[in-house]
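Please read the structure below before turning to the comments.
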Amino acid sequence: MESTGLVFVGEPFTRADLEAMPDDGRRHELIDGTLLVTPAPTPRHQRVSMRLSALLYDTATPGFEVLTAPLDVVLADDTVVQPDLLVARGDAFSDKDLPVAPLLAVEILSPSTRLIDLNLKKARYELAGCPHYWVVDPQAPSLTAWALRDGAYVEVASVSGDETYAASEPFAVEVTPSALVADR
């Protein structure tokens with residue numbers, strides 16, 4: 001059945017519906033067929049994103065890609081998300097998206113996305129088999145990291161301020177939350 005781009009109330013959205021939507025400058029994601037539309041991020045959010053992406057990029061070992069939103073990650077036909085940052089093997093990408101769960105998904109909390117990032121997205125990444133999920137709270141500042149163990153996320157780190165998280169997977173990197181938000 002060809003998608004018309006029209007969706008009737010009560011019907012879950014699909015990837016085809018998402019692709020038919022016009023580009024309006026906002027982030028559009030699907031979780032279990034529910035459309036999520038979020039506003040553009042704040043400068044503080046983007047500062048954290050830039051600094052963390054540079055840190056991950058600089059420490060990534062060969063074969064890994066570090067990319068930032070917007071980039072579609074297809075977890076299912078009814079679940080297409082755009083993590084703030086992701087790490088995946090370079091050969092895992094298609095020409096237009098990441099059709100599998102990343103090795104690491106990172107979400108940076110905003111008032112409008114906090115509950116979604118800590119609940120819905122975390123649950124969907126877990127279900128899709130994403131090995132590592134990090135959430136950064138720029139307000140605290142803090143970082144909480146989960147790792148997939150026997151199909152369920154287990155918290156492996158919770159650091160704040162000047163504390164450092166020394167991750168060993170998907171590659172070795174040290175992250176200090178206060179450095180992500182510090183003035184230049």
Side-chain angles (χ1 to χ4, degrees), residues 1-54 56-57 65-88 92-146 148 153 177 180-181:
M1 180 178 192
E2 186 173 276
S3 175
T4 62
L6 299 175
V7 178
F8 298 99
V9 175
E11 287 187 30
F13 284 84
T14 66
R15 180 180 182 189
D17 297 321
L18 190 63
E19 290 172 355
M21 290 181 187
D23 183 2
D24 63 2
R26 294 181 287 181
R27 185 183 294 187
H28 296 84
E29 300 174 282
L30 292 179
I31 296 184
D32 297 325
T34 300
L35 178 65
L36 303 175
V37 181
T38 54
T42 64
R44 184 178 187 99
H45 179 283
Q46 291 303 86
R47 184 178 305 115
V48 170
S49 179
M50 287 286 295
R51 290 179 180 167
L52 185 54
S53 64
L56 291 171
Y57 181 83
E65 286 280 351
V66 177
L67 297 175
T68 62
L71 178 78
D72 285 344
V73 174
V74 182
L75 301 179
D77 188 52
D78 66 350
T79 303
V80 180
V81 293
Q82 294 184 0
D84 290 311
L85 301 165
L86 68 83
V87 174
F93 294 89
S94 74
D95 288 337
K96 67 181 209 171
D97 58 29
L98 180 62
V100 297
L103 299 173
L104 167 64
V106 179
E107 296 292 352
I108 301 164
L109 298 180
S110 297
S112 64
T113 65
R114 179 179 208 83
L115 291 176
I116 293 166
D117 293 342
L118 290 172
N119 296 292
L120 289 174
K121 281 191 172 183
K122 181 180 170 219
R124 288 306 280 141
Y125 287 125
E126 181 180 58
L127 184 64
C130 177
H132 303 278
Y133 183 56
W134 297 358
V135 171
V136 177
D137 184 346
Q139 295 307 117
S142 66
L143 180 147
T144 304
W146 292 271
L148 200 60
Y153 277 141
L180 299 175
V181 299

Which residues pass the side chain to side chain contact (heavy atoms under 4.5 Å, CB included) test with [X], sequence neighbours left out?
X      : result
Pro41  : His45, Gln46
Ala123 : none
Leu71  : Leu67, Leu86, Phe93

Nearest 0.5 Å, what's the [atom1]-[atom2] distance between [X] and [Y]?
X      : Y      : atom1 : atom2 : result
Thr79  : Ile31  : OG1   : CD1   : 7.0 Å
Cys130 : Leu148 : SG    : CG    : 8.0 Å
Leu18  : Asp72  : CG    : CG    : 6.0 Å
Leu30  : Asp77  : CG    : CG    : 9.0 Å
Glu107 : Ile116 : CD    : CD1   : 9.5 Å
Thr34  : Leu120 : OG1   : CG    : 8.0 Å

Lys96/Glu19 under salt bridge (charged side-chain N to carboxylate O under 4.0 Å, His left out): CA gap, chis, key distance, verdict: CA-CA 11 Å; Lys96 67 181 209 171; Glu19 290 172 355; 2.9 Å; yes
Results of side chain to side chain donor-acceptor pair (under 3.5 Å) for Glu65 - residues two or more places apart only: none
Residues forming a side chain to side chain donor-acceptor pair (under 3.5 Å) with Asp97, sequence neighbours excluded: Arg15, Ser94
Non-hydrogen atoms of Ala101 and Ala128 that approach each other most closely: CB-O, 3.7 Å
Shortest non-hydrogen contact between Pro99 and Ala92, atoms and distance: CD-O, 3.3 Å
Residue pairs passing the salt bridge (Lys or Arg N to Asp or Glu O under 4.0 Å) test where at least one lies in residues 136-145, sequence neighbours excluded: Arg114-Asp137
Decide yes or no for [X] and [Y]: does some side-chain heavy atom of the first lie under 4.5 Å from some side-chain heavy atom of the second?
X      : Y      : value
Leu118 : Thr144 : no
His28  : Leu35  : yes
Pro138 : Ile108 : yes
Leu98  : Val73  : yes
Leu85  : Thr68  : yes
Arg124 : Asp32  : yes

Steps toward salt bridge (charged side-chain N to carboxylate O under 4.0 Å, His left out) verdict (Arg27, Asp84): CA-CA 11 Å; Arg27 185 183 294 187; Asp84 290 311; 3.0 Å; yes
Gln82 side-chain N/O to Ala69 backbone N/O, donor-acceptor pair under 3.5 Å: no
Side-chain donor or acceptor of Thr113 paired with backbone N/O of Ser110 under 3.5 Å: yes
Parallel, tilted or perpendicular, as decided by the 30° and 60° cut-offs, for the rings of Tyr133 and Tyr153: parallel
